[in-house]
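Take a look at the structure below.
Residues: numbered from 1 along the sequence shown.
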Amino acid sequence: MAEYSLEVPLENEDVKKLKAGDKVSLSGIIYTARDSAHERLVKLIEAGDELPIPLEGQIIYYVGPAPTPPGRAIGSAGPTTSYRMDPYTPVLIENGLKGMIGKGGRTKPVVDAMKKGTAVYFAATGGAAALIAQSILSSEVVAYEDLGAEAIRKLEVKDFPVIVAQDCHGGNVYVEGQAKYAE
């Protein structure tokens, strides 16, 4: 298991060196989106329309943050279960998305798209939403404000802590971790 500090947007070389179980500290700009926002993004792609956010090299964090307390950049911001985004994720990877952050495993179509598109799936620690929020320096709604907490936000992050859950080589910490502890 290695440790990396990476700047977003990611390059293919960044993603290729990551292996399931690696610890990664992310800095730069990431975006939030959940299933309703994903559905809208895919519809725009299918229509050939411009997207409200760039996808090339970007990371989407699956989160619906709590209301922002006074004096803070964002409220508690823990990961949500990722499988709800799986029907839309392969299309986003085909259009340049390099990373996702959530919790729980991904489906085979997503894993296949990650291998083909050189993308990575990170896990953020569930139950540590307040701690994670401390790595978010700023938050701005940039699309779909009508979705409330599920609107697309642009987050500036510094040393945002994640684990590589599934890499672009087929490594899967959920499978490998269970096998290790079954020995």
Side-chain angles (χ1 to χ4, degrees), residues 1-34 53-63 65 73-74 76-86 89-90 92-139 153-183:
M1 178 173 60
E3 295 188 26
Y4 298 97
S5 292
L6 297 176
E7 293 288 327
V8 183
L10 300 179
E11 301 288 337
N12 280 347
E13 292 70 31
D14 297 322
V15 175
K16 287 178 182 175
K17 70 182 175 186
L18 299 174
K19 305 286 188 243
D22 288 349
K23 292 181 180 179
V24 179
S25 175
L26 298 169
S27 295
I29 300 296
I30 64 175
Y31 293 91
T32 70
R34 291 179 55 163
I53 60 171
L55 288 181
E56 193 64 41
Q58 299 300 322
I59 295 174
I60 292 179
Y61 181 26
Y62 306 146
V63 61
I74 196 167
S76 294
T80 194
T81 306
S82 302
Y83 75 86
R84 293 195 311 266
M85 276 54 77
D86 283 3
T89 300
L92 300 182
I93 292 172
E94 289 169 16
N95 284 275
L97 185 69
K98 285 291 169 201
M100 297 82 52
I101 305 169
K103 64 179 181 181
R106 307 307 297 265
T107 59
K108 184 176 183 326
V110 172
V111 172
D112 290 345
M114 289 169 49
K115 291 177 183 174
K116 184 177 179 184
T118 314
V120 61
Y121 172 53
F122 298 107
T125 303
L131 181 64
I132 290 171
Q134 292 177 11
S135 298
I136 301 171
L137 304 179
S138 67
S139 171
R153 293 174 182 265
K154 178 180 177 182
L155 304 180
E156 180 184 5
V157 300
K158 180 161 179 55
D159 300 327
F160 189 97
V162 291
I163 300 290
V164 176
Q166 293 178 251
D167 62 43
C168 69
H169 311 287
N172 183 335
V173 77
Y174 296 110
V175 173
E176 295 164 15
Q178 289 180 6
K180 178 179 176 184
Y181 290 103
E183 294 175 356

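Here Y61 contributes atom OH and I132 contributes atom CD1; the two are 4.0 Å apart, rounded to the nearest 0.5 Å. Interatomic distance, E94 CD to L55 CG, rounded to the nearest 0.5 Å: 11.5 Å. Atoms CD1 and CD, on I29 and E156 in that order, are 5.0 Å from each other to the nearest 0.5 Å. Here the NZ atom belonging to K98 is positioned 11.0 Å from the CE atom belonging to M114, to the nearest 0.5 angstrom. With rounding to the nearest 0.5 angstrom, the CD atom of E7 is 9.5 Å from the CG atom of D14. Taken from CD1 in I59 to CG in L6, the straight-line distance is 7.5 Å, to the nearest 0.5 Å.
Note on ring orientation: taking the six-membered ring where Trp is involved, the planes of Y174 and Y121 are tilted (angle from 30° to 60°).
Crowding of K116 atom NZ: a count of heavy atoms from other residues, nucleotides or ligands under 6.0 Å not exceeding 12.
Annotation: side chain of T89 is in contact with side chain of Y62 (closest heavy-atom distance under 4.5 Å). In this structure the side chain of I101 reaches within 4.5 angstrom of the side chain of L26, judged on heavy atoms. Between N12 and V15, the closest side-chain pair of non-hydrogen atoms is not below 4.5 Å. With contacts defined as side-chain heavy-atom distances shorter than 4.5 Å, the pair V24/E3 does not qualify. Looking at K19 and V164, their side chains never come closer than 4.5 Å, going by heavy atoms from C-beta outward. Looking at L155 and S138, their side chains never come closer than 4.5 Å, going by heavy atoms from C-beta outward. Between S82 and M100 there is no side-chain heavy-atom pair separated by less than 4.5 Å.
Pairing each heavy atom of E176 with each of A20, the nearest pair is OE1-CB, 3.8 Å. Scanning all heavy atoms of the two residues, the minimum distance from D22 to K17 falls at OD2-O, 4.0 Å. When every heavy atom of I93 is checked against every heavy atom of G117, the shortest pair comes out as CG2-CA, 4.0 Å. Considering all non-hydrogen atoms of both residues, S139 and I74 come closest at OG-CD1, 3.8 Å. When every heavy atom of G78 is checked against every heavy atom of V63, the shortest pair comes out as O-CG2, 3.1 Å. Residues P109 and P90 approach most closely at O-CG, 3.8 Å, considering heavy atoms.
D159 and S135 are not linked by any side-chain donor-acceptor pair at a separation below 3.5 angstrom, with hydrogens and angles left out of the test.
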Run the side-chain contact (heavy atoms from CB on, under 4.5 Å) check on I53 and Q58 step by step: do they pass? CA-CA 9 Å; I53 60 171; Q58 299 300 322; over 6 Å; no

Are V111 and Q166 close enough, and set up right, to give a side-chain contact (heavy atoms from CB on, under 4.5 Å), and what steps lead you there? CA-CA 8 Å; V111 172; Q166 293 178 251; 3.2 Å; yes

side-chain contact (heavy atoms from CB on, under 4.5 Å) evaluation trace for L18 with F122: CA-CA 10 Å; L18 299 174; F122 298 107; 4.0 Å; yes

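Between the side chain of T32 and the main chain of R153, a donor-acceptor pair closer than 3.5 Å is present. Within the 3.5 Å criterion, the main-chain N or O of R106 finds no donor-acceptor partner in the side chain of D86.
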